[in-house]
Number of protein chains: 2
Amino acid sequence: MPTIKDVARAANCSTATVSRALASPEKVSDATRHRVAQAVAKVGYSLNAAARNLRRSESRTIVVILPNIANPFFSDVISGLESVAHQAGYQVLLGDAGNNPDRVASYFNLVPSNQADGIILLSTEVPMALVRERQADAGFPLVMACEYFDNLSLPTIHIDNEQAAHKATEYLVALGHQRIATITGPARNPICKDRLRGYRHGLADAGLNIQDDWIVEGDFTFHSGYEQGRILLQQDKKRPTAIFCQNDEMAIGVLKAARDAGVVVPEQLSVIGFDDIGFSQYCEPELTTVHQPREAIGRTAMRLLLDILKQRNVPLDQSLKTQLIVRSSTARAPRD
Amino acid sequence: MPTIKDVARAANCSTATVSRALASPEKVSDATRHRVAQAVAKVGYSLNAAARNLRRSESRTIVVILPNIANPFFSDVISGLESVAHQAGYQVLLGDAGNNPDRVASYFNLVPSNQADGIILLSTEVPMALVRERQADAGFPLVMACEYFDNLSLPTIHIDNEQAAHKATEYLVALGHQRIATITGPARNPICKDRLRGYRHGLADAGLNIQDDWIVEGDFTFHSGYEQGRILLQQDKKRPTAIFCQNDEMAIGVLKAARDAGVVVPEQLSVIGFDDIGFSQYCEPELTTVHQPREAIGRTAMRLLLDILKQRNVPLDQSLKTQLIVRSSTARAPRD
DNA sequence: TTTTTGTTTGTAATCGATTACATTTAAGCA
DNA sequence: TGCTTAAATGTAATCGATTACAAACAAAAA
């Protein structure tokens, strides 16, 4: 591989001049700039990033840690993250945490080892000790998005999960539903708690009483939605007329459970999801759901991290708006 | 940040010894190894990867270029790629090409600039000139998976698209269908041509004649499947009784088009997809489709690239098996 | 012409780890 | 004990780019 020395030789100048011609052209005469450009082309030079990174002690790489690349929710968030990063000349390294603490640890290590300049965390399913340790030294550039830790304060981009769930529940109540169940995500997850709280308040506001066996826990997969939906629908007593699911995949699982149980959506059962993933428009019936501004979340999170890296003073906590999208999986409650 | 020098000082030895204690412990006495380990812990040392990469001129990073992270097809492929990479101590940098030639160029540049050791290409939608140029110098570690260029030979992991499409079509024929349409992916894409060829042969084998206006082109999205499906179903003459779609998302789009047109699947229309993505079990009806071993494709591709990097002698072209998964979107052809 | 000021370029130290080679130390053996 | 061999450690060059500082040069002002 040709190095900056080869270019310097070909352009008949010093390496310092080559470096300047490439990095800060205004510091160099027109003639030299030209000669260097030609020399670069001639020898086929390309800059050795490791050398630059070593010298500058930065890597222009941001690590994004997410629970699972396969989750369609994250793809738009990632698009947003990437677009901002690229504009600012940064790379994005996607790290699938995949329930593997060692892996997460190794991603965190990329920062002290100068392979990454900062981290964006999209999941709370990571070893708490690690995060706590990093958050302790204030210099560690770490931003959360989508989720958050309820016992640890980090710069965060999020939505108002409680409010969104509250509104979704209110909507069901407004349709006349009185027996409203919910399928949550993993109970230890703070955003799931928030959504659950929103659901409870929605019921309480309407003076409906909350039945504990209508609050069931899933894990955000199709399958868990299907299973929990099946269980909810086969209860002996009067079954719920509406189910609020904490994400779309589980809601789509419920749709299938309803079909299998011969329960017609939305006539006999209303279903609401959360996230508004692409598939929610193509399932049968189309899913009423809470839309999240995923791309904007990604963009904002990356901007926040870059601002922190540049030591700019910025609000460390931003909330973005959600919107209830009404489609055809919800309807007026059936008469008893 | 503490460096190797700080460790050396704390362990009362030279930097060379520290380096050896960490990288090749067998070259160092037990006592020293111990001292070094303690010193590392004490000063909180972590290796500067840029320095190591510079010295070793490698980066232990593999770039994976894909057309679109949002495409659920790729998530399992990526899982496979990552698992093998991590085992071998490599990082995976995911690059979303996103119809942006500049971006792709910048990903390709990571190799000469020592930020990446090799590239896995999952898309043919990249500037041909770039690929051709790289492929020209034989040293450039570049592997294709899932797709391929028909005018350029590169190490490749793939499936037999023609055969898979042939079998899918045969299956429809065996169910008694005589009017079988197809929705292809982008026509310039070699794998789409292969699948189309398989379809044609399937019809030809059965002595069915091929109707050109039953071969329509989509772009692998839900939406294009919906649109093309709608058009196919509203044709004046007798409409097709089966549609073979070149991926699942388009097939799911067709399912929706059929619902909207009041055509019952599978009684009046059979639909087959391709890929077997997660959704295909949760749509209504469940989708008959061609299963691809996505995770295995990823694993095999990464292994191939790592073998190439290690200069091991390996077959540069491997084909993996597909399987037709019959679910409920296909049935015997309706009587005329 | 001389001095001042500003522009352009070069010299050489530096970033942090690795490793060839040299040196020291220890172990084995007669 | 003295000699050979092996193991352990140290010295210092190296990877390639950046940049503080110095030097050279040109243009402007006196």
Side-chain angles (χ1 to χ4, degrees), chain A residues 1-40 43-61 89 91 109-117, chain B residues 1-40 43-61 89 91 109-117:
Chain A
M1 265 343 276
T3 74
I4 200 171
K5 278 191 190 172
D6 302 309
V7 179
R9 203 171 307 127
N12 196 28
C13 65
S14 73
T15 61
T17 301
V18 175
S19 176
R20 278 188 289 252
L22 297 175
S24 29
E26 75 283 359
K27 289 187 185 165
V28 136
S29 75
D30 289 3
T32 320
R33 190 171 25 223
H34 234 97
R35 269 180 11 250
V36 169
Q38 292 193 313
V40 164
V43 306
Y45 170 72
S46 77
L47 183 143
N48 183 318
R52 164 182 279 182
N53 292 348
L54 172 58
R55 185 57 227 248
R56 290 206 177 151
S57 52
E58 65 170 18
S59 64
R60 303 230 134 210
T61 297
Q91 302 281 340
N109 258 330
L110 293 174
V111 174
S113 79
N114 202 27
Q115 296 207 91
D117 295 343
Chain B
M1 263 345 275
T3 73
I4 200 171
K5 277 191 191 173
D6 303 310
V7 179
R9 201 170 312 125
N12 194 29
C13 65
S14 73
T15 61
T17 301
V18 175
S19 176
R20 278 188 288 253
L22 297 175
S24 29
E26 75 284 358
K27 289 186 185 164
V28 137
S29 75
D30 288 4
T32 321
R33 189 169 30 225
H34 233 96
R35 265 176 21 245
V36 169
Q38 290 193 313
V40 164
V43 304
Y45 169 72
S46 80
L47 182 141
N48 183 319
R52 164 182 280 183
N53 292 347
L54 173 58
R55 184 58 227 246
R56 291 208 178 149
S57 52
E58 65 169 19
S59 64
R60 302 229 135 209
T61 297
Q91 303 280 339
N109 258 329
L110 294 174
V111 174
S113 79
N114 203 27
Q115 297 208 86
D117 295 344

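Heavy-atom basis, side chains included; hydrogens, waters and symmetry copies ignored. Letters A, B, ... mirror the listed sequences (proteins, then strands); counts begin at 1.
The CZ atom of R20(B) sits 14 Å away from the P atom of dA22(C) (whole-angstrom rounding). K27(B) has its NZ atom 8 Å from the P atom of dT19(C), to the nearest Å. The CE atom of M1(B) sits 21 Å away from the P atom of dT14(C) (whole-angstrom rounding). One can place NZ of K5(B) at 11 Å from C1' of dA17(C), the figure rounded to the nearest angstrom. Atoms CZ (R33(B)) and C1' (dA7(D)) sit 13 Å apart, rounded to a whole Å. For the pair I4(B) CD1 and dG10(D) P, the computed distance is 12 Å after rounding to whole Å. Between the C1' atom of dC15(C) and the CG atom of N48(A) lies a distance of 13 Å, rounded to the nearest Å. Between the C1' atom of dA17(C) and the CD atom of Q115(A) lies a distance of 13 Å, rounded to the nearest Å.
The closest side-chain heavy-atom distance from N48(A) to T3(A) is not below 4.5 Å.
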- prompt: Going through the checks in order, is the side chain to side chain contact (heavy atoms under 4.5 Å, CB included) test met by R20(B) and T32(B)?
  reply: CA-CA 10 Å; R20(B) 278 188 288 253; T32(B) 321; over 6 Å; no
query: Step by step, would you call L22(B) with V40(B) a side chain to side chain contact (heavy atoms under 4.5 Å, CB included)?
result: CA-CA 10 Å; L22(B) 297 175; V40(B) 164; 4.2 Å; yes
- prompt: Given the rule in the side chain to side chain contact (heavy atoms under 4.5 Å, CB included) test, do M1(A) and S46(A) qualify, once you have shown the distances and angles that lead to the verdict?
  reply: CA-CA 8 Å; M1(A) 265 343 276; S46(A) 77; 4.2 Å; yes
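Checking the phosphate oxygens (OP1, OP2) of dG16(D), no side-chain nitrogen or oxygen of T3(A) falls inside 4.0 Å. Checking the phosphate oxygens (OP1, OP2) of dG10(D), a side-chain nitrogen or oxygen of T17(B) falls inside 4.0 Å. Contact check, S29(A) against dT9(C): a side-chain N or O comes under 4.0 Å of OP1 or OP2. Side-chain nitrogen and oxygen atoms of T15(B) include none within less than 4.0 Å of the OP1 or OP2 phosphate oxygen of dG16(C).
For N12(A), there are no side-chain contact (heavy atoms from CB on, under 4.5 Å) partners at least two apart in sequence or on another chain. Considering only residues two or more places apart in sequence or on other chains, P25(B) meets the side-chain contact (heavy atoms from CB on, under 4.5 Å) condition with R33(B). Residues meeting the salt bridge (Lys or Arg N to Asp or Glu O under 4.0 Å) test with D117(A), sequence neighbours left out: none. When the salt bridge (Lys or Arg N to Asp or Glu O under 4.0 Å) test is applied to R60(A), the partners found at least two apart in sequence or on another chain are E58(A).
Inter-axis angle, ends of the helix from dT1(C)-dA30(D) to dA30(C)-dT1(D), five pairs per end, rounded to 10 degrees: 40°.
Note on V28(A): only backbone sugar-phosphate atoms sit closer than 4.0 angstrom, heavy atoms only; bases stay farther off.
Contacts between residues 49-59 of chain B and DNA chain D, defined by a heavy-atom separation under 4.0 Å, are made by L54(B), R55(B).
Comparing dA17(C), dT11(C), dT19(C) by their closest approach to the side chain of Y45(B) singles out dA17(C).
The backbone N or O of A116(B) lies less than 3.5 Å from a partner atom in the side chain of S59(B), making a donor-acceptor pair.
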